[in-house]
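To start, the structure under review is shown below, and the notes come after it.
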Amino acid sequence: MPQRPIEDGLFTWPVPDPPNRAALIGARCADCRAVTFPASPGCPRCGADRMEAEDLPTRGTLYTWTTQEFLPKEPYAGPETAQTFQPWAVGYVELGDVLRVEGRLFDVDPAALDFGMELDVVVRPFTIREDGTEVFTFGFAPAAG
Amino acid sequence: MSDVAIAGVGIHPFGRHKGVTALQMATVAARAALADAGMKWSDIQYAVGGSFEVDNPDAMVAFMGLTGIDFNNVYNGCATAGSALSLGVAAIRSGRYERVLVVGMDKHPTGAFTSDPTGYACPAWYGEMGYFLTPKFFAMKINRYMHDHGISVETLGRVAAKNYRNGSLNPNAFRREPLTVEQIVGSRMVNYPLTQYMFCSPDEGAAALVLCRAEEAPRYTDSPVFVKAVEVRTRRYGAFEVHSPSAPVERVAAPTTDVARAAFEAAGIGPEDVDVAQLQDTDAGAEVIHMAEVGLCRDGEQEKLVADGATSIGGSMPINTDGGLIANGEPIGASGLRQLHELTLQLRGRAGERQVPERPRVGLAHLYGAPGTSAVTIVAR
C-alpha cells in the first residue's frame, strides 16, 4: 500500500529506523530567531521574510490538553463514523524552550494526562484515502525513556 | 468631534425561528430600535450591518425602504458587532453623519462553527486532523488556566448556572430554563473540562442600535446612554489564541487585555468604575478568563468572586445580566449588539426583573473570537 505524510515538509519522512524518532520541521527567522511550526513564509514575531527550515526538538512536556468527545465535521478527514468514533486526547506540547505544538496524544489514558509530563514526537497512521494511499500524521506519545 | 449617544435599541429574540430569515429578523430589530428612538427609517443617513451567514446585510433595505443611504457590511468573526459599532460611532464623531443604524443578524446551522482553515491562515491539514474547532481550544486554555490559578470545575458550573438563571428572566433569551450546578457539571463531556451545558450554541437572532450626536440625544430619549469608547484589537506575537497549530513559549497579554486597556484609556475611566459588564462567554471558562483579561479582577480571584455571588445581578460585579451567550446563544453578527441592548436597558433602569440595583452608571461590553480578535465598548449615562 502506498504511504505518504498528511502534508509534505511537516515532519521527517520516511521516519528513520533506527532511531525511529520523527522530528517536526519548523522554520527559524534569520533576523529575530523566532521559530514557527509549520514552516511559515514570514516571521510572526518581527515581520521579516527570510525563514530557514529547522527540525524541532523531538521530546517535550505537556503544556495543556483536552479531549475531543464528538466527531468533528468536515474538513475533518479521519476514518471514523458517528458509530465508530472514540474520543481522543489532544494537547500542546512544549518542545525544548522553543515552541508549543498542538497534536493528538497517543498511547495514553486521558485520565492519566498531567501538566509537564514528558512526551515524544511520533508519526502514526491516520487514514486510508479512496485511492488506497495510507496517510500518516504526527502526534505525541509518552516518552520512551 | 461629537460625542455619540445611543438613541434607541431593538432586538429580535434569539433562538430558533423556523421560516424567518436573518434579514427579516434584522428588520424587526431595526424597526424596534427606530421606534425606541422615535425616528423614522428615512431619518437614518448611514447604516452598518454585521453578519457571518448573510452575504449582504444591506439587502434589508428591501424591507425597510429603498432610501438610497450609505450602508456598509462588515464581518470580523465574533467581534463583528464591535467592528460594526466602531464604524457607526466613527461616522458620527467625524461629523460625516448624524443619525446612524448599526444592526447585526445571523441564522446559523446547529453544531460547532466550522470553516475553511486556510481562510484563517491555518494549513489545510489542521482541519483534516480535526483541530479546526474552537471548543477544543477554549477547553485547553481553561484547563491550563485552572491549573495555574486555582479555578475549580464547580466555578465553571456556577458561572453557567448564573447565566441560565439570568436568561430565565430574559424574554428574548434562547435558553430560559434554570439549571443547577450539578446538572451542568454532570452533563455530557464535550471537551474536558467543559461539558455540554457550559457552552453557548450558535443560533439565530438580530439586534440593532440607533446612534445620534450626543447633543441631539434629548430629542430622541429621556435617558440617553453615551458611547465613551469602542475599540477593536487583534492578537500580538506570544498571545495564546484559538486556531494555532503552534504557540511561542514567550507569552504576552491577550487581545482582550490590550483592547480593554485601550478602551479604558479612551473613556478616561478604569475597571473599578464599571457597574455592569457583558463578557464573551462562549463557554463558562471564557467568562472566568475574560473577567481577569478585561481587568475586573486578578487571575485566580474569580474562584471566590463567583462563589460569593459577586457576578450575580445583585452582586458587586454583575456579569452577563441577560444570560450572556450561554443563555442567548451566538448569532455572530448580532451577539455584541445584544450586549449593548442589555447595557442600555440597565443604564436606563428599565431591565425589569434583571435590573441591577442602584441603577448602574457605567457598562462594559466585550467580544472575543477567532483567530484572536477582541472588541470592548464602554457606555455611560
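Naming: A, B, ... by sequence-line order, numbering from 1 per chain.
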Quiz item: Is it the side chain or the backbone of B:Ser244 that comes within 4.5 Å of chain A heavy atoms, both, or neither?
Solution: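 Contact with chain A is through both the backbone and side chain of B:Ser244.
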Under 4.5 Å from a heavy atom of chain B, the part of [X] involved:
{"X": "A:Val93", "value": "neither"}
{"X": "A:Glu94", "value": "side chain"}
{"X": "A:Val135", "value": "neither"}
{"X": "A:Leu10", "value": "side chain"}

Practice problem: Give a yes or no on this: more than 12 heavy atoms of other residues, nucleotides or ligands lie within 6.0 Å of atom CG of A:Asp109. | Solution: yes
Quiz prompt | Atom CZ of B:Arg251 with >12 non-hydrogen neighbours under 6.0 angstrom | solution = yes
Any side-chain to backbone donor/acceptor pair from [X] onto [Y]? Under 3.5 Å, distance only.
{"X": "A:Thr67", "Y": "B:Asn191", "result": "no"}
{"X": "B:Ser246", "Y": "A:Val101", "result": "no"}
{"X": "A:Thr66", "Y": "B:Ala139", "result": "no"}

Practice problem: Flag the pair B:Lys136 and A:Glu69 as a salt bridge only when some basic side-chain nitrogen lies within less than 4.0 angstrom of an acidic carboxylate oxygen. | Solution: no
Quiz item: Does the distance from a Lys or Arg side-chain N to an Asp or Glu carboxylate O, for B:Glu250 and A:Arg45, drop under 4.0 Å?
Solution: yes
Can you tell me how far the [atom1] atom of [X] sits from the [atom2] atom of [Y], to the nearest 0.5 Å?
{"X": "A:Cys43", "Y": "B:Tyr237", "atom1": "SG", "atom2": "OH", "value": "6.5 Å"}
{"X": "B:Arg188", "Y": "A:Phe70", "atom1": "CZ", "atom2": "CZ", "value": "8.5 Å"}
{"X": "B:Tyr145", "Y": "A:Thr64", "atom1": "OH", "atom2": "OG1", "value": "13.5 Å"}
{"X": "A:Lys73", "Y": "B:Leu133", "atom1": "NZ", "atom2": "CG", "value": "9.0 Å"}

Quiz item: Which pairs pass ring-ring contact (aromatic ring centres under 6.0 Å, His included) with one or both residues in residues 107-129 of chain A, sequence neighbours excluded?
Solution: A:Trp65-A:Phe115, A:Phe115-B:His147
Practice problem: Can you check whether anything in residues 120-130 of chain B gets within less than 4.5 Å of chain A, heavy-atom wise, and list it by number? | Solution: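 Within residues 120-130 of chain B, the residues that come under 4.5 Å of chain A (heavy atoms only) are B:Pro123, B:Trp125, B:Tyr126, B:Gly127, B:Glu128, B:Met129, B:Gly130.
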Self-check item: Options A:Gly91, A:Ser40, A:Ala34, A:Pro75, ranked by heavy-atom pairs under 4.5 Å with chain B, top entry
Solution: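 Heavy-atom pair counts peak at A:Pro75.
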Quiz item: Considering all heavy atoms of both residues, which atom of A:Phe138 and which atom of B:Tyr131 are nearest to each other, and what is their separation?
Solution: O-OH, 4.5 Å
Exercise. Step through it carefully: locate the ring centre of A:Tyr76, locate the ring centre of B:Phe132, and say whether they are under 6.0 Å apart.
Key: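 No, too far apart.
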Exercise. Take A:Glu102 and B:Phe137 through the test side chain to side chain contact (heavy atoms under 4.5 Å, CB included) and record every step on the way to the result.
Key: CA-CA 10 Å; A:Glu102 182 177 2; B:Phe137 176 81; 5.8 Å; no
